[in-house]
Structures are given as C-alpha cells and as structure tokens.
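Shown next, in structure tokens, is the structure this report addresses.
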Amino acid sequence: MHDLLVIFVAILSYFVWIQCIYYWQNSAKLRKHLLRFMLCRDKQLKSSQTSDLTGDVRALFLTAHPDDECMFFAPAILRLVELNASVHLLCLSQGNYYNQGFQRREELLDSCAVLGIPASRVTIHDCKELPDDPNVEWSISMASSLILKHIRAHSINLVLTFDGRGVSGHSNHTAIYKAVSYLASIGNIPDDCSLLSLSTIGVLRKYLSFLELPISWLLPSDLCCIIGSKGYGQAKRAMLCHRTQLLWFRYLYIWFSRYMIINTFQVINQGPKNLKIY
C-alpha cells in the first residue's frame, strides 16, 4: 500500500511539474525573454535595436518538403506568430516524390494559413537539383544560394531549420543544415542574423508526447518553444491539411510525437568549418 502511495504521489508530482512548466512558458516574462534572445544573440546588435522588441523579429523557417512545417516546427511557428513576429517559410521542394507536387503545394499553403503564416510569406521552390527524394544528394551550393538570396531579400534576422541529423534522418533535411552551416562558415550570413537548428532526439523521447516536456526543460538548449492544448489543436489542424500524406502512421505521429508540442533549438555557430560542397 505504501509503495502504491509513493508511486501515485510521484506521478501526481510529475504532472504538476508539467503544469508549472506550461505556466512559466506562457508567462509575459518569458515572451519578452524569447524576443530578447532572438534579437540579442548577435552581440553586434546595439541596445537601441532591442528597445522595441515586438514585431522586430523576421524569422525564416527552412524546410525540405510540404508538411515539414507542421510535423516538426509547429510549436516554434505558433509561438513566434503569437509574439507578432514576421514569420516566413522557404520550402526547397514541392514534395513531388509521388507526382503530387501541385496538390502538396496547395496543402502547404492551407497548413501555413492555419499556423498563421500568410501565403505572401511562403515560398516554394521546384528545381531539378533539389528533388523530393531521399536517395538524391542535394546540391549544397544550389541550396545555400537560394537560402542566402531569401535571407537578404526579406532582411531575415532569425533562421530556424533542421540540425545535422534532420530529426527523421531524411537526407533532404540534413542537406539544408549543411547549406546553412556552409553559409555560416564562410561568413555570408548577415551580422544581425541568428541561426538555430531543431534538436534531433531519440525515438523513445520523440514519442512521449507532452510527457517528454520535463526532459526537454531540464536539458540544455538555446531556445525552447512549448505550446498548450490550443496550440496543439492548431498544429493538428495544420497536419490534417496535408490530406495526401495522411496514412495511418501519420495519425499516430499526430497523437504521440513531442514535436507537435515541444521544439528545442541549438545555435549554429558562425565560424570557420571545412565542409565539402557539391
């Protein structure tokens, strides 16, 4: 009986801890902290540039395929939109692996509308060098050129994309990270622009849903974005916009993936690196 009581108290404490994290994450103090982080990561920014934080963030999400934006980045997108940031999306393919490119393009625009990104800020590229195909190695020079052009054209000061493992290990995801890292290594990223990569986690943690929250909260990260039940509802509706992709396992992903609720990011250092460019 005593053991059962201890287990019950431990479980109850864990859920109370989760509720406390949600409360702190959604406080006004944290909203200001997020904005200050995004604008002050680059030490070259002057204090006058951060005096009016609201609306000064021009964020660019870099994805490889339609549905990446809601499968992996929904928490960060929704939090930035909530903070009145100017959120842009650059998708480097239209997802034509099964010859559904036109449909998937429309689905992406519908999904972005649900997430709060207007169609005018969504750019979808379709070029032979960057096909939706895990067996094709993307041209890093082509991808980096498109990314840099977009950053400069829209005066982007925050870039968010995949890390070196691409969350799912998809080669198109990791190619984007290589392209961004290359731009950072040669010093082509504007001085006021910060780069963040979405942390890839193990399979067990990945499918713990909201129960994974305390783990992400405790482990070190440069930015942590968490959404509650309302935000999760939006992320779910955005996923359902991708009708061509709704196979049975996608529904399991919607219910159990922590990426539908939690995003943790690490800064991509802007320093000299040796990368092979194709």
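Tyr98 and Met71 sit in two unconnected hydrophobic clusters of ILVMFWY residues. Membership requires side-chain heavy atoms under 4.5 Å apart, directly or through other members. Tracing side-chain contacts under 4.5 Å through hydrophobic residues (I, L, V, M, F, W, Y), one reaches Leu146 starting from Ile156; they form part of the same cluster. In the hydrophobic cluster analysis, where Ile, Leu, Val, Met, Phe, Trp and Tyr join through side-chain heavy atoms closer than 4.5 angstrom, Leu158 is grouped together with Val81. In the hydrophobic clustering of this structure, Tyr251 groups with Met239; members are Ile, Leu, Val, Met, Phe, Trp, Tyr whose side-chain heavy atoms approach within less than 4.5 Å, directly or through other members. Grouping the Ile, Leu, Val, Met, Phe, Trp and Tyr side chains by contacts below 4.5 angstrom, directly or via other members, places Leu218 with Phe210.
A donor-acceptor pair under 3.5 Å is formed between the side chain of Asn96 and the backbone N or O of Gly101. Looking at Ser181, its side chain does come within 3.5 Å of a backbone N or O of Tyr177 through a donor-acceptor pair. Between the side chain of Asn172 and the backbone N or O of Asp133, at least one donor-acceptor pair lies under 3.5 Å. With Arg58 contributing its side chain and Val87 its backbone, the two residues share no donor-acceptor pair below 3.5 Å. Panel note: side chain Asp163, backbone Thr200; a donor-acceptor pair is recorded below 3.5 Å. Judged purely by atom type and a 3.5 angstrom limit, Ser171 uses its side chain to pair as donor or acceptor with the backbone of Pro134. Checking side-chain atoms of Trp138 against main-chain N and O of Ile176 turns up no donor-acceptor pair under 3.5 Å. Between the side chain of Asn157 and the backbone N or O of Val57 there is no donor-acceptor pair closer than 3.5 Å. Using modelled atom types, one side-chain atom of Gln266 and one backbone atom of Pro220 make a donor-acceptor pair closer than 3.5 Å. In this structure, the side chain of Ser185 engages the main chain of Tyr182 through a donor-acceptor pair within 3.5 Å.
When side chains are defined from C-beta on, Val267 counts as touching Leu196, because their heavy atoms get closer than 4.5 Å. Side-chain contact between Arg243 and Asp110 is present, with at least one heavy-atom pair separated by less than 4.5 Å. Arg105 places none of its side-chain heavy atoms less than 4.5 Å from the side chain of Pro66. Using a 4.5 Å heavy-atom cutoff, the side chains of Met260 and Pro75 are not in contact. The closest side-chain heavy-atom distance from Lys206 to Val167 is below 4.5 Å. The shortest distance between side-chain heavy atoms of Arg258 and Leu208 does not fall below 4.5 Å.
In this structure, Ile186 CD1 and Gln270 CD are separated by 11.5 Å, a value rounded to the nearest 0.5 Å. Interatomic distance, CD of Glu69 versus SG of Cys91, reported as 7.5 Å (0.5 Å rounding). The distance from the OG atom of Ser221 to the CG atom of Leu223 is 7.0 Å, given to the nearest 0.5 Å. Distance NZ/Lys230 to CG/Leu78: 10.0 Å, rounded to 0.5 Å. Atom CG of Asn99 sits about 12.0 Å away from atom CZ of Arg104, to the nearest 0.5 Å. We find the CG-CG distance between Asn84 and Asp56 to be 11.0 Å, quoted to the nearest 0.5 Å.
When all heavy atoms are compared, the tightest approach of Ala143 to Leu92 is CB-CD1, 4.2 Å. Scanning both residues, Phe162 and Thr63, for their nearest heavy atoms gives CE1-CA, 4.1 Å. Pairing each heavy atom of Ile262 with each of Glu212, the nearest pair is CD1-OE1, 3.5 Å. The two atoms that bring Thr161 and Val180 nearest to each other are CG2-CG2, 4.1 Å, heavy atoms only. When all heavy atoms are compared, the tightest approach of Ile151 to Cys193 is CG2-SG, 4.5 Å. Between Leu160 and Ala59 the shortest heavy-atom distance is CD1-CB, 4.1 Å.
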Subject >> side chain to side chain contact (heavy atoms under 4.5 Å, CB included) evaluation trace for Thr123 with Leu89 >> reply: CA-CA 6 Å; Thr123 302; Leu89 178 78; over 6 Å; no
Subject >> Step-by-step side chain to side chain contact (heavy atoms under 4.5 Å, CB included) determination, Ile254 to Leu240 >> reply: CA-CA 9 Å; Ile254 291 172; Leu240 295 177; 4.2 Å; yes
**OP:** Give the C-alpha distance, both sets of side-chain angles, the deciding distance and a yes or no for side chain to side chain contact (heavy atoms under 4.5 Å, CB included) between Phe265 and Asn263.
**Re:** CA-CA 7 Å; Phe265 294 88; Asn263 282 163; 3.5 Å; yes
**OP:** Please report the C-alpha distance between Tyr259 and Tyr253 in whole Å, then the side-chain angles of each, then the deciding distance to 0.1 Å, and finally whether the ring pair (Phe, Tyr, Trp, His ring centres under 6.0 Å) criterion is met.
**Re:** CA-CA 9 Å; Tyr259 286 99; Tyr253 185 93; 7.4 Å; no
Original post:
What's the verdict on side chain to side chain contact (heavy atoms under 4.5 Å, CB included) for Ser194 and Val159, showing C-alpha distance, side-chain angles and the deciding distance?
Top reply: CA-CA 6 Å; Ser194 296; Val159 174; over 6 Å; no
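There is no side-chain donor-acceptor pair under 3.5 Å between His65 and Gln245. In the model, Glu107 has no side-chain atom that pairs as donor or acceptor with a side-chain atom of Ser111 under 3.5 Å. Side-chain atoms of Thr174 and Arg165 form no donor-acceptor pair, as typed in the model, at a separation below 3.5 Å. Using modelled atom types, one finds a donor on one side chain and an acceptor on the other under 3.5 Å when comparing His88 with Ser86.
Crowding of Phe256 atom CZ: a count of heavy atoms from other residues, nucleotides or ligands under 6.0 Å not exceeding 12.
With respect to Arg250 and Asp67, a salt bridge is recorded, a charged nitrogen being found less than 4.0 Å from a carboxylate O.
For Phe72 and His173, the ring centers sit closer than 6.0 Å to each other.
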